Amino acid sequence: MQETDVLVIGGGPAGYVAAIRAGQLGRTVTLVDRGDIGGTCLNHGCIPSKALIDAADDVHSIRNAEDRGIEADVAVDFDQLTQWKDRVVRKLTKGVEKLCKANGVTLQQGTARLVDDHRAEISNDGDIETVAFDHAIVATGSRPIELPGFSFDDEPILNAKAALDLEEVPDELVVVGGGYIGMELSTMFAKLGTDVTIVEMLDAPLPRYSDDLTRPVRKKADKLGMSFQFGRVAADWEQTGDGRIRITTEPAADDAGEDALERLTADKALIAVGRSPVSDTAGLDARGVEREDKGFVETDDLGRTNVDHVFATGDVAGEPMLAHEGSAAGVVAAETIAGAAPAPPRTVPSVVFTDPEIGTVGLTESEASEQGHEPTTGKFPFRASGRALTAGERDGFVKLVADAESGTLLGGEVVGPEASELIAEIGLAVEQELTLSDVATTVHAHPTLSEAIMEAADCALGHPIHTFDR
């Protein structure tokens, strides 16, 4: 029987980061994963998708630069592009393996299941091994939700992983789900030349974000030729005689009749309607670890479950189901186990890699009001940013939310170029409880996109320099 201080079940961003941190703090650590180290994010999600998104952005930029006097006919070797994407993934997975080993983490392939309070069984190709542990961190992640009648075992029906592993760009693609995964991949394929139709049961894409943030994304989607069916759901599909598929959609309302059915023809259908926790593989129920109705493991702010020595972190522990949140929570769990007194982060940014990008952090204006603040806001449009204009990007804005009395930053929103990078400065300001004056008096290099954050602070303070807007 193996013995370890900390058993980590799952090697995604939450699990491997927790394992490394526990190793740094002097604990013996065994990390068990049934797939490749790095989990869904590194192998089948965040990293490969951003590699292809970036490449698609390059293609689109070159093909649409006539106004700058640049004309080019770009050919895309998709097979070579995916090979490059795979090399990026392999380089990062090998790097994570080296980091784990350098910090004393024992890596083990297989599926781990808790069998009693301090023992787990690891099964791998029929072999079963037992490991004894003092503490366990469950970081088993999540899986894509499968719609009834749309099995991922059927070749034309894709989840995000399969979409990123396609051997060629489809001519026509139906995407079911207008959330961040659906919108990111739809935009990528549209830029590579695919005719994309998005079926969304609600009345707008990216329903978790405000209309102000999604309007520029919808505007760009229209320019890319992306079509939308709002208020509809995918009901069924069938093969056509020419090797393609026909998807039947119907209104999301329950009283839809036969006359309301519509049919879409495509090469493939991508189902991106959300993800559910993988909480049924680690023996949690047998050990009395409590789960919510949807299967998410219930934890406190430190990641501890109702079983004192068992922790859960990452997607399996619930929203916001973001890789960076899982990593941060993994550090907190590891430090708690090691006897430290970690401080969970005050806020976690959220980013959508659409065109333009969206980034949010902290409280919105309405949330600030609900929490008892009298909010003040400042909004700076990218059409007034010299750097944005030189990059050919004029749509979008930076918006800051602060407490009117103290000036303390409470949150922020960015939609526009490099929003995924810009949101970090706002996140730092919120985490460290900086004020509007702190941000406004910090000199930002010119010309840069980050100046828009300083300018938004000036707008909130009532003395905008480079815009009439406040």
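Owing to the predicted nature of the structure, the values given are computational and were not obtained by experimental measurement. Numbers here simply count residues along the sequence, with the first being 1.
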Assess whether atom [atom1] of [X] is packed by more than 12 heavy atoms of other residues, nucleotides or ligands within 6.0 Å.
X	atom1	answer
Glu168	CD	no
Asn64	CG	yes
His324	NE2	yes
Arg143	CZ	yes
Gln80	CD	no
Met226	CE	yes
Asp301	CG	no
Arg346	CZ	yes

Side chains of [X] and [Y]: is there a donor and an acceptor less than 3.5 Å apart?
X	Y	answer
Thr354	Glu184	no
Thr435	Ser437	no
Glu357	Ser420	yes
Arg291	Ser279	yes
Glu451	His444	no
Thr390	Arg387	yes
Ser327	Tyr16	no

Nearest atoms (heavy-atom pairs only) where [X] meets [Y]:
X	Y	value
Gly179	Glu200	N-OE1, 4.2 Å
Pro344	Leu302	CG-CD2, 4.1 Å
Pro345	Val332	CD-CG2, 4.5 Å
Thr214	Pro205	CG2-O, 3.9 Å
Asn43	Ile37	ND2-O, 3.1 Å
Gly26	Asp5	O-OD2, 4.5 Å

Quick one: does any side-chain atom of [X] pair with a main-chain N or O of [Y] as donor and acceptor, under 3.5 Å?
X	Y	value
Arg275	Ser142	yes
Asp267	Asp171	yes
Ser350	Thr360	no
Glu97	Lys94	no
Gln109	Arg34	yes
Asp438	Leu434	no
Arg27	Ala338	yes
Thr106	Thr30	no
Ser227	Thr197	no

Pairwise distance [atom1]([X]) to [atom2]([Y]) - rounded to 0.5 angstrom:
X	Y	atom1	atom2	value
Thr249	Ile247	OG1	CD1	9.0 Å
Phe189	Ile53	CZ	CD1	10.0 Å
Phe380	Phe397	CZ	CZ	13.0 Å
Leu436	Thr376	CG	OG1	7.0 Å
Ile9	Ile137	CD1	CD1	10.0 Å
Gln24	Leu99	CD	CG	9.5 Å

With side chains defined as the heavy atoms from C-beta onward, is the minimum distance between [X] and [Y] less than 4.5 Å?
X	Y	value
Leu409	Val401	no
Val310	His135	no
Ile358	Val351	no
Met183	Ile198	yes
Lys399	Thr377	yes
Ser49	Phe353	no
Leu422	Ile453	yes
Ile181	Leu185	yes

* Asked: Going through the distances and angles, do Ser61 and Asp58 end up as a side chain to side chain donor-acceptor pair (under 3.5 Å)?
  -> CA-CA 5 Å; Ser61 295; Asp58 289 342; 5.6 Å; no
* Any pair counted as disulfide bond (SG atoms under 2.5 Å apart), so long as it reaches residues 13-76, sequence neighbours left out ->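 Output for this query lists Cys41-Cys46.
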* **Pairs flagged by disulfide bond (SG atoms under 2.5 Å apart) wherever residues 319-369 is involved - sequence neighbours left out** =>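 Every candidate disulfide bond (SG atoms under 2.5 Å apart) pair involving residues 319-369 fails, so no pair, neighbours aside, qualifies.
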* Chi angles and distances behind the side chain to side chain contact (heavy atoms under 4.5 Å, CB included) call for Val352, Leu206 -> CA-CA 9 Å; Val352 185; Leu206 301 170; 4.1 Å; yes
* Asked: Can a salt bridge be assigned to the pair Lys379 and Asp212 using a cut-off of 4.0 Å between side-chain N and carboxylate O?
  ->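 Salt bridge present between Lys379 and Asp212.
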* Asked: Would you call Lys294-Glu319 a salt bridge at under 4.0 Å N-O?
  ->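 Glu319 and Lys294: not salt-bridged.
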* To do: With side chain to side chain contact (heavy atoms under 4.5 Å, CB included) as the test, would you mind laying out the steps for Ile271 and Glu146 before giving the verdict?
  => CA-CA 7 Å; Ile271 309 301; Glu146 200 171 62; over 6 Å; no
* **ring pair (Phe, Tyr, Trp, His ring centres under 6.0 Å) involving Phe152 - partner list, sequence neighbours excluded** =>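 Partners of Phe152 by the ring pair (Phe, Tyr, Trp, His ring centres under 6.0 Å) criterion come out as none, since no residue qualifies.
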* Stepwise side chain to side chain contact (heavy atoms under 4.5 Å, CB included) check, Thr305 with Glu298 -> CA-CA 6 Å; Thr305 70; Glu298 296 183 355; over 6 Å; no
* To do: Give me the one residue out of Lys219, Arg218, Arg215 that meets salt bridge (Lys or Arg N to Asp or Glu O under 4.0 Å) with Asp395.
  =>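 With Asp395 as partner, salt bridge (Lys or Arg N to Asp or Glu O under 4.0 Å) holds for just one option, Lys219.
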* To do: Quick one: do Lys85 and Asp165 satisfy salt bridge (Lys or Arg N to Asp or Glu O under 4.0 Å)? Show the steps, please.
  => CA-CA 10 Å; Lys85 174 260 296 181; Asp165 288 336; 3.2 Å; yes
* **Criterion side chain to side chain contact (heavy atoms under 4.5 Å, CB included) against Leu270, the qualifying member of Val196, Val175, Leu166, Val176** =>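 Exactly one option meets the side chain to side chain contact (heavy atoms under 4.5 Å, CB included) with Leu270, and it is Val175.
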